[in-house]
Number of protein chains: 2
Amino acid sequence: MSVTIRDVAHKANVSVSTVSRALSAPNLVRQQTRDRVIAAADELGYRPNTAARSLITGKTGILGIVVTDLGNPFYTGILKGVQARARQDAYSVLFADGEEDPATEESLVRTMAKQVDGLVVCAPTMSDQQLRDLAELTPMVLVNRHVPEIPAVLMDSAGGMRQVVDHLAALGHERIAYLGGPRGAWSDQERRAGLLAAAERQHIGVAEFGPFPPRFDGGIQGADLALAAEVTAIVAYNDLMAFGTLSRLRSRGVRVPTDVSVVGFDDLVFSATSAPPLTTVAMPTEAAGRAAVHLLLARLAESGAGAPATAQRLDTYLIVRFTTSPPGAPVSVSAHH
Amino acid sequence: MSVTIRDVAHKANVSVSTVSRALSAPNLVRQQTRDRVIAAADELGYRPNTAARSLITGKTGILGIVVTDLGNPFYTGILKGVQARARQDAYSVLFADGEEDPATEESLVRTMAKQVDGLVVCAPTMSDQQLRDLAELTPMVLVNRHVPEIPAVLMDSAGGMRQVVDHLAALGHERIAYLGGPRGAWSDQERRAGLLAAAERQHIGVAEFGPFPPRFDGGIQGADLALAAEVTAIVAYNDLMAFGTLSRLRSRGVRVPTDVSVVGFDDLVFSATSAPPLTTVAMPTEAAGRAAVHLLLARLAESGAGAPATAQRLDTYLIVRFTTSPPGAPVSVSAHH
DNA sequence: GCCCATCATGCAAACGATTGCTGCAACTGT
DNA sequence: ACAGTTGCAGCAATCGTTTGCATGATGGGC
């Protein structure tokens, strides 16, 4: 059927062990035989059987990634980065979608654990304890989730929020609203904390709202609340919500950014082309994917569980577009009719 | 280290063969022993070693999917469907991104072919011949690409375009523009052909433009061209372009849909929330992913290469929102100042 | 009470690679 | 010329399953 190492050995007039070594530990065989083997191998189109190999080595050459919800464009960047970096080291990547359900996530991880050399798990909805248990099963690195014992790469949302607040402060805003996302999410906690801390430092007042569903409609709901709170700027948990806010503001006759500034978070593809283009914070998703794999590979290489669980932080960047400006008159909806 | 079938056998006081059979061919062992085995198995937390299994069976329990560009939200739907359906049958899925490069795509497929039981390839940019060669390596089904010898699931873009034209005709439009996508793409050929055929049948005039890059800026460029052609409706190759068109129209003071109707294609998440919400054609991406896996699995089961290469067509649906209406005055830009 | 189906179970041979150990040759230094 | 070293190649065990074949037990029909 398929061409095996034995065929190559026969063709090159050597034993199978020699073939094996010629291909994976080049300096253990004489140059001359090695060339002969290699010639035979690719003349026959030999590709080692990965199942046989991993049976004995215990390594599969496969990495796994599980995300909470692929529907969210945010994750596709990570996925891209993971795959690109993995490919660099000739790893394949198994993919699974947790569908925002902790139970599904856990079962997915358990299944995968058997088939992969390591796993990257994105912003899981599971508990810390579940995560710790799972981490026993296979080398694992987290993305945008922090559990002390597990290595992770985190995107510095707090830092992003600091930039947002500094930007707003520089513009002269003195009272802003924060439209929060799901309380459970690590991201929301980070963003909220970052915003609050920076606001205090800058002596800016914050009206907090939420939690809202982190989607378009959440932003609509939040917009009304924020308007009533007489703020000059609205910071949304993410771009999706910011779009909802923008939409609601327009339909209520509030001009952006003249009457009120709006800022999002994530820098989705559409953020550059919304009307008006949205000021937001760019997350280095692809870089995070790469970094996660890099970290994972490093751990695999040293293979000692001895290394401490490092958490790597990636910088985020504020992208100023056209939804922020110095505040005009205090927001008063009735004034615009 | 890890718990093997031998451990289970020992604990249940049977031979390894019995354990193997109890777990995979239940009716070959007595009910009573079977229960005993199963009890022992999950008490020990036994998970069969997939490498060992596939070494002997030749099956890996893994399916592969390669997409042209994960950045395009269109593919994530397919990916989701693929993964969900695969999971139903306890298959895992290997994922790879071709980065819109035929060479990368090919190398990816070749690598994967060794490790998977079957492959679904989405809208590949490779040539028919390359695809045929690759199809020799492993069972394969195409999505949104037609090659006679290879089974495929196609989304009926032509049918969608027919619905668009019928809708526009019913509204009273008599002259429309088509903003084309990349000429090479199967999708563009289908959409263009569907639109042209339906237009002829309805006695509607069509001004064709393009090819444009299938993105926001392509739509901007196209908008200007279409306006100059004095049409009452603009049909874009996809939603991304339609957004660009919408944006350009607004900034030129052309009202949508009063002055000109706009329709997109794909029904992205954002299409429902654009301003105004976009009339577009929904592609059953997730269903397509499921269907592709279903087809693949069916082929694997019958395992005979005898079956003909069926091509399955999935219906698309026009979603009428707020960018289409009966035509007002013929488009004349200067009239709006 | 005997023989023949029938059913449940065990034995052992694969599957295709990797790798520790062994053996042989050639070479070095004295 | 001989012992010791080194370098290269082969033998065979091993990884954890599945599965064809053989065997033992059970039961039913006569």
Side-chain angles (χ1 to χ4, degrees), chain A residues 1-42 44-62 90 111 113-117 303, chain B residues 1-42 44-62 90 92 111 113-117 300 303:
Chain A
M1 188 82 226
S2 170
V3 30
T4 81
I5 200 177
R6 219 173 301 272
D7 302 326
V8 178
H10 186 255
K11 173 147 200 162
N13 260 319
V14 293
S15 72
V16 293
S17 8
T18 301
V19 175
S20 176
R21 280 190 273 257
L23 298 176
S24 47
N27 47 354
L28 285 186
V29 307
R30 198 168 31 154
Q31 177 71 29
Q32 177 189 335
T33 29
R34 191 184 148 216
D35 291 345
R36 196 147 35 94
V37 168
I38 291 185
D42 50 42
L44 259 37
Y46 168 69
R47 315 285 309 179
N49 178 316
T50 55
R53 173 181 302 197
S54 56
L55 179 54
I56 184 129
T57 61
K59 303 280 158 204
T60 59
I62 298 180
T111 319
K114 301 285 151 189
Q115 327 191 30
V116 302
D117 292 346
S303 83
Chain B
M1 187 86 223
S2 168
V3 31
T4 80
I5 201 176
R6 221 172 300 272
D7 303 327
V8 178
H10 187 256
K11 172 147 200 162
N13 259 320
V14 292
S15 71
V16 293
S17 8
T18 302
V19 175
S20 176
R21 278 188 276 256
L23 297 177
S24 47
N27 46 354
L28 283 187
V29 307
R30 197 167 35 148
Q31 177 70 30
Q32 178 190 332
T33 30
R34 191 185 148 215
D35 291 346
R36 195 147 35 94
V37 168
I38 292 184
D42 49 44
L44 259 37
Y46 168 70
R47 317 284 310 178
N49 177 317
T50 54
R53 170 178 301 186
S54 56
L55 178 54
I56 185 133
T57 60
K59 304 280 159 204
T60 58
I62 298 180
S92 301
T111 321
K114 301 285 150 189
Q115 327 193 29
V116 302
D117 293 346
L300 293 185
S303 81

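Residue numbers begin at 1 in each chain, while the letters A, B, ... track the order of the sequences.
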Is the backbone of Thr4(A) close enough, under 3.5 Å, to the side chain of Asp7(A) for a donor and an acceptor to pair up by distance?
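Between the backbone of Thr4(A) and the side chain of Asp7(A) there is a qualifying donor-acceptor contact (under 3.5 Å).
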
Side-chain N or O of [X] closer than 4.0 Å to phosphate OP1/OP2 of [N]:
{"X": "Thr18(A)", "N": "dA9(D)", "answer": "no"}
{"X": "Thr33(B)", "N": "dT9(C)", "answer": "yes"}
{"X": "Arg30(A)", "N": "dA9(D)", "answer": "yes"}

Do Ser17(A) and Ser20(A) get their side chains close enough for a donor-acceptor pair, meaning under 3.5 Å?
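No, because no side-chain N or O of Ser17(A) sits under 3.5 Å from a partner of the opposite role on Ser20(A).
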
Integer-rounded Å distance: [N] [atom2] and [X] [atom1]:
{"X": "Asn13(B)", "N": "dA8(C)", "atom1": "CG", "atom2": "C1'", "answer": "16 Å"}
{"X": "Lys114(B)", "N": "dA17(C)", "atom1": "NZ", "atom2": "P", "answer": "10 Å"}
{"X": "His10(A)", "N": "dA17(C)", "atom1": "NE2", "atom2": "C1'", "answer": "19 Å"}
{"X": "Arg21(B)", "N": "dC21(D)", "atom1": "CZ", "atom2": "P", "answer": "13 Å"}
{"X": "Asn27(A)", "N": "dA9(D)", "atom1": "CG", "atom2": "C1'", "answer": "15 Å"}
{"X": "Ile5(B)", "N": "dC15(D)", "atom1": "CD1", "atom2": "P", "answer": "15 Å"}
{"X": "Leu28(B)", "N": "dG20(D)", "atom1": "CG", "atom2": "P", "answer": "11 Å"}
{"X": "Gln115(A)", "N": "dG16(D)", "atom1": "CD", "atom2": "P", "answer": "17 Å"}

I want to confirm an ordering. Mapping Ser17(A) and Gln31(A) to their closest nucleotides on DNA chain D, which one lands closer to the 5' end?
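Its nearest nucleotide being more 5', the pick is Gln31(A).
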
If every non-hydrogen atom of Gly61(A) is compared with every non-hydrogen atom of Asp117(A), which pair is closest and at what distance?
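Gly61(A) and Asp117(A) have their closest heavy atoms at N-OD2, 2.9 Å.
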
Is there a residue in residues 44-57 of chain A whose heavy atoms reach under 4.0 Å of DNA chain C, and which residues are they?
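Of all residues in residues 44-57 of chain A, the ones placing a heavy atom under 4.0 Å from DNA chain C are Tyr46(A), Pro48(A), Asn49(A), Ala52(A), Arg53(A), Leu55(A), Ile56(A), Thr57(A).
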
On DNA chain C, nearest-nucleotide positions of Ser20(A) versus Arg34(B): which is more 5'?
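The 5'-side residue here is Arg34(B).
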
Apply side chain to side chain contact (heavy atoms under 4.5 Å, CB included) to Arg36(B) and Thr33(B), showing your working.
CA-CA 5 Å; Arg36(B) 195 147 35 94; Thr33(B) 30; 2.8 Å; yes

Just do the side chain to side chain contact (heavy atoms under 4.5 Å, CB included) check on Val14(B) and Val19(B) with the steps written out, would you?
CA-CA 7 Å; Val14(B) 292; Val19(B) 175; 3.7 Å; yes

Could you go step by step and tell me if Thr50(A) and Thr60(A) meet the side chain to side chain contact (heavy atoms under 4.5 Å, CB included) rule?
CA-CA 7 Å; Thr50(A) 55; Thr60(A) 59; over 6 Å; no

Side chain to side chain contact (heavy atoms under 4.5 Å, CB included) partner of Arg34(B), chosen from Leu28(B), Asn27(B), Val29(B)
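Between Arg34(B) and the candidates, side chain to side chain contact (heavy atoms under 4.5 Å, CB included) is satisfied uniquely by Val29(B).
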
Hey, does Thr4(A) reach any base, or is it just sugar-phosphate, or nothing, if we go heavy atoms under 4.0 Å?
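Sugar-phosphate contact only - Thr4(A) comes under 4.0 Å of backbone atoms but never of a base.
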
